[in-house]
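Data block below; observations after.
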Amino acid sequence: MYNSKIVGLGKYLPDNIVTNKDLENKIDTSNEWIVERTGIKERRHIVKGDGNTTASMGAKAAKIALENANMSAYEIDLILFATLSPDYYMPGSGVFVQNILNIPTCPAMDIRNACSGFVYGVATADQFIKTGMYKNILVIGSETQSGAIDMTTRGRDIAVIFGDGAGAAVVSRNESKESGILSSHLHSQGEHVDSLVMKAPNTNKWVTEIVNENNPEDSSYYPYMNGKMVFKNAVLRFEEVINEGLIYNNLQTEDIDLLIPHQANLRISQFIQRKLNLRDDQVYNNIMRYGNTTAASIPIALTEAWEEGRLSEGNILVLAAFGAGFSWGSTIIKW
Ligand code: COA
């Protein structure tokens, strides 16, 4: 059985910074409320006409990841694209990246696990490499949340949290058994589908119907979040799935060199840190600058941590995510 490892990382954030003050001017909220409840100070939003889409941002991050891996796009055997905000309903976003990067005919598939999408992607890549089927896999997380946000007071709980951006990793076959992806642990719980959800368009309510109805009262095509329910479940599942990965690998919390939690909310990260008794230097957070970029948050944070020199050979790195579904997961890596 082969082993896999991350050999290249990249990120792309749109230039347009939206501060809490900017939001104060649009909706009934305040910098104090946002910082106290979420830790977020600013986030990025694409601007209509700036050429950015979920797929093009993903391709930009992927290009940098390939350069850092010293690899040409032709060497990629599989593209895995995690997003909840694809360019189109059909086809998926992976094939757009394939087209932008001029990769001829490798398979491309999308992963629709919202905030857990990148962890699901890394786990999938690891399995394809372990079986020997593929050697080099691009795993991308990219999101354009800004286009689907209700920028009125009705949508303020969502509007202040989410941001746009992309991150990517090249996962490759690793000849050494001493390092690489040790294990992944994935879960979902469909009974909570309604707690974090965007209900339209859907199979019973097509886009044409929504347009024809033109009903401003209808908020079903904006994301809905039961914030308290999400918070309660997130802190529970994050802790559980991190411990599951540690136990599986015979590791203790003291062995963690860096935990990169999905950047859902700074209070959630701080809660997990306290519960696991981790020092500040063991946990990476950048939600203050980018907000919650769902599937893109872990690869953006991972790239940034790597750029800052926070990862050295032999380090134990833990990725953990929780999001809509609910679905959650962890990946334990020896760097
Ligand atoms: N600005 C100002 N006030 C706001 C607001 C905003 N952006 N959003 C909501 N409020 C108001 C509410 O309307 C409510 O007012 P009321 O008391 O008059 O009814 C009040 O603030 C408290 O709202 P509540 O929803 O109870 O706040 P909360 O303490 O649960 O915090 C979240 C809200 C969303 C920050 C919190 O629930 C949370 O962090 N949940 C997890 C979210 C998350 O991580 N999502 C990503 C999952 S991947």
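Indexing begins at 1, ligand by ligand and atom by atom, following the structure's order. Just the heavy atoms: all of them, side chains too, but no hydrogens, waters or symmetry mates, feed the values below.
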Worksheet item: Does the protein put a heavy atom less than 4.0 Å from atom 19 (O) of ligand 1?
Response: no
Fill in: Mutual orientation of the aromatic rings belonging to Y134 and F128 [parallel < 30°, tilted 30-60°, perpendicular > 60°]
tilted
Discussion item. Is there a salt bridge (Lys or Arg N to Asp or Glu O under 4.0 Å) between D77 and R173? Walk through the geometry before answering.
Written reply: CA-CA 11 Å; D77 302 313; R173 184 187 288 179; over 6 Å; no
Worksheet, complete the sentence: Which of T83, N292, T54 passes side chain to side chain donor-acceptor pair (under 3.5 Å) with E143? It is T83
Discussion item. When you compare the side chains of S330 and H185, does any donor N or O come within less than 3.5 Å of an acceptor on the partner?
Written reply: no
Practice prompt. Name the closest protein heavy atom to atom 10 (N) of ligand 1, giving the residue it belongs to and the distance to 0.1 Å.
Written response: W33 CZ2, 3.4 Å
Discussion item. Under 4.0 Å from atom 26 (O) of ligand 1, can you find at least one protein heavy atom?
Written reply: yes
Discussion item. Using a 4.0 Å cut-off to any heavy atom of A264, which atoms of ligand 1 qualify?
Written reply: 44 (O), 48 (S)
Worksheet item: How close does the nearest protein non-hydrogen atom get to atom 15 (O) of ligand 1, and which residue and atom is it?
Response: R156 NH2, 4.2 Å
Discussion item. Out of all atoms in ligand 1, which are within 4.0 Å of some heavy atom of N265? Include the element for each.
Written reply: 38 (C), 39 (O), 44 (O)
Worksheet item: Taking all non-hydrogen atoms of both residues, which atom of F162 and which atom of R43 are closest, and how far apart?
Response: O-CG, 3.7 Å
Worksheet item: If you measure from each non-hydrogen atom of C115 to ligand 1, which part falls under 4.0 Å: side chain, backbone, both or neither?
Response: side chain
Practice prompt. Distance to 0.1 Å, residue and atom name: give those for the protein heavy atom nearest to atom 47 (C) of ligand 1.
Written response: V230 CG1, 3.5 Å
Worksheet item: So is there a nitrogen or oxygen of S30 less than 3.5 Å from a nitrogen or oxygen in ligand 1?
Response: no
Item to complete: To the nearest 0.5 Å, tell me how far T29 OG1 sits from N20 CG.
Response: 7.5 Å
Response to the item:
Short version for V160: what comes under 4.0 Å of ligand 1, heavy atoms counted, is side chain
Practice prompt. Give the numbers and elements of all ligand 1 atoms closer than 4.0 Å to a heavy atom of D157.
Written response: 8 (N)
Worksheet item: Does the side chain of S183 pick up a donor-acceptor pair with the side chain of N249 at under 3.5 Å?
Response: yes
Item to complete: Please report which non-hydrogen protein atom sits nearest to atom 37 (O) of ligand 1, along with the residue it belongs to and the distance in Å to one decimal place.
Response: G227 C, 3.2 Å
Worksheet item: Can you check whether R267 has an N/O within less than 3.5 Å of an N/O in ligand 1?
Response: no
Worksheet item: From K275 NZ over to N243 CG, what is the distance, rounded to the nearest 0.5 angstrom?
Response: 9.5 Å
Fill in: Within-cut-off N or O pair, R37 and ligand 1, under 3.5 Å
yes
Worksheet item: Closest non-hydrogen protein atom to atom 1 (N) of ligand 1, residue and atom name please, with distance?
Response: T29 OG1, 2.6 Å
Worksheet, complete the sentence: Checking heavy atoms under 4.0 Å, the part of N292 that sits near ligand 1 is side chain
Response to the item:
Residues at least two apart in sequence or cross-chain that pass ring-ring contact (aromatic ring centres under 6.0 Å, His included) with Y221, listed by chain then number, are none
Response to the item:
What one should report as the nearest heavy-atom pair of I46 and N16 is O-ND2, 4.3 Å
Worksheet item: For ligand 1, which atoms have a heavy atom of F322 less than 4.0 angstrom away?
Response: 48 (S)
Discussion item. Show, in sequence, the C-alpha distance, side-chain angles and deciding distance for K199 and D194, and conclude whether the salt bridge (Lys or Arg N to Asp or Glu O under 4.0 Å) test is met.
Written reply: CA-CA 9 Å; K199 288 197 171 169; D194 285 334; 3.8 Å; yes
Item to complete: Report yes if T38 has an N/O atom closer than 3.5 Å to an N/O atom of ligand 1; otherwise report no.
Response: no
Worksheet item: What protein heavy atom sits nearest atom 24 (P) of ligand 1, and how far off is it?
Response: K228 NZ, 3.9 Å
Discussion item. Less than 4.0 Å from atom 42 (C) of ligand 1, is there any heavy atom belonging to the protein?
Written reply: yes
Worksheet item: Can you name the nearest heavy-atom pair linking S327 to Y120, along with the distance?
Response: CB-OH, 3.9 Å
Worksheet item: Can you list the ligand 1 atoms lying under 4.0 Å from a non-hydrogen atom of I268?
Response: 44 (O)
Fill in: Minimum-distance protein heavy atom relative to atom 45 (N) of ligand 1
M225 SD, 3.2 Å
Discussion item. Side chains of S176 and N174 only: does a donor on one sit below 3.5 Å from an acceptor on the other?
Written reply: no
